[in-house]
Amino acid sequence: MIDWLLAPIDPSRAHEVGAYVSWHGRLMVLAWGALFPLGVLVARYLKVTPKQDWPRELDNKTWWHAHLALQYTAGAAMILGLVLILLTEGGSSTHAHLGWVIAGFAALQFLAGWFRGTKGGPTEPSLRGDHYDMTRRRLAFEYFHKFAGYGLLGLAAWGIVSGMWLANAPVWMWLGLGLWWVGLVAVFVAWQRRGLAVDTYEAIWGPDPSLPGNRRRPIGWGIRRRGGHHPAE
């Protein structure tokens with residue numbers, strides 16, 4: 001059993017990679033296989049925490065700090081992984097091309113976050129803000145950030161699998177990563193069924209239907225409003 005777990009997934013090829021390639025793979029799996037997906041789960045399902053007295057207690061930033069910490073740590077791991085692979089001879093392959101596409105869109109995701117506009121609202125110096133007013137700038141950010149983010153996770157899964165195949169990773173790595181991803185999907189399904197995917201706007205400013213953002217439908221699949229207000233547009 002142990003020998004089988006330690007054996008490469010393709011017995012006809014050797015599992016021989018240099019230190020740079022090996023650490024490139026570990027860092028990319030850490031970033032795209034673990035940290036980025038965890039950051040997405042936190043942002044999607046923990047905007048209102050289980051013990052939070054919502055709507056009396058609004059704008060719980062626990063999810064925000066966790067999301068930033070996970071995404072920035074993942075981004076740093078990704079950059080270091082890119083540096084390591086650039087120090088090797090590299091090469092042209094589907095995996096390499098896919099990696100650059102993923103890295104490019106990841107950079108756009110960070111840029112979109114940095115230029116998403118102002119917040120606004122009753123807790124800010126000025127009530128007016130891109131998020132509070134749901135301006136075109138904020139709408140463009142939300143559509144891109146959410147839909148591109150989920151698409152990136154799918155591309156990253158493909159990239160990880162193709163990289164592991166190129167490296168002829170041992171069986172235990174495939175099994176471990178597969179079980180981890182099954183666990184993430186199980187959590188996603190369970191929390192979605194519990195209705196934890198609360199609209200960001202409502203989580204921050206409450207369910208008042210007169211607020212600018214509450215007059216729009218939530219952006220993203222499966223996002224709900226706990227206050228029960230569902231505008232037609």
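Along the sequence shown, the residues carry numbers beginning at 1.
Cluster partners of V189, using a side-chain heavy-atom cutoff of under 4.5 Å among ILVMFWY residues and allowing indirect links, are V185.
Residue pairs meeting the salt bridge (Lys or Arg N to Asp or Glu O under 4.0 Å) criterion with at least one partner in residues 110-124, sequence neighbours excluded, are D59-K119. Every pair passing ring-ring contact (aromatic ring centres under 6.0 Å, His included) that includes a residue from residues 65-84 is listed here, sequence neighbours excluded: Y72-F110. Evaluation of the side chain to side chain donor-acceptor pair (under 3.5 Å) test over residues 14-23, restricted to residues two or more places apart or in two chains, returns S22-R26. Note on residues 48-57: pairs passing salt bridge (Lys or Arg N to Asp or Glu O under 4.0 Å), not counting sequence neighbours, are D53-R56. Pairs engaging residues 5-15 under the salt bridge (Lys or Arg N to Asp or Glu O under 4.0 Å) rule: D10-R13 [sequence neighbours left out]. The side chain to side chain donor-acceptor pair (under 3.5 Å) pairs that include a residue from residues 160-169 are H95-S162, where partners are two or more places apart or lie in different chains. Within the structure, ring-ring contact (aromatic ring centres under 6.0 Å, His included) contacts touching residues 30-56 (residues at least two apart or in different chains) are W32-F36, Y45-F188, Y45-W191.
With sequence neighbours excluded, the residues satisfying side chain to side chain donor-acceptor pair (under 3.5 Å) with R128 are D133. With sequence neighbours excluded, the residues that form a ring-ring contact (aromatic ring centres under 6.0 Å, His included) with H131 are Y201, W205. Residues passing the side chain to side chain donor-acceptor pair (under 3.5 Å) test with T62, sequence neighbours excluded: N60.
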Exercise answer: donor-acceptor pairs, residues 145-160 side-chain atoms, under 3.5 Å, sequence neighbours excluded:
| unit_1 | atom_1 | unit_2 | atom_2 | d |
| --- | --- | --- | --- | --- |
| H145 | ND1 | Q109 | OE1 | 3.1 |
| K146 | NZ | E142 | OE1 | 3.4 |
| K146 | NZ | I219 | O | 2.7 |
| Y150 | OH | R44 | NH1 | 3.1 |

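Taking all atoms of both residues into account, the shortest heavy-atom contact from N214 to P207 is ND2-C, 3.6 Å.
Remark: side-chain polar atoms of T88 are paired, donor with acceptor, to backbone N or O of I85 under 3.5 angstrom.
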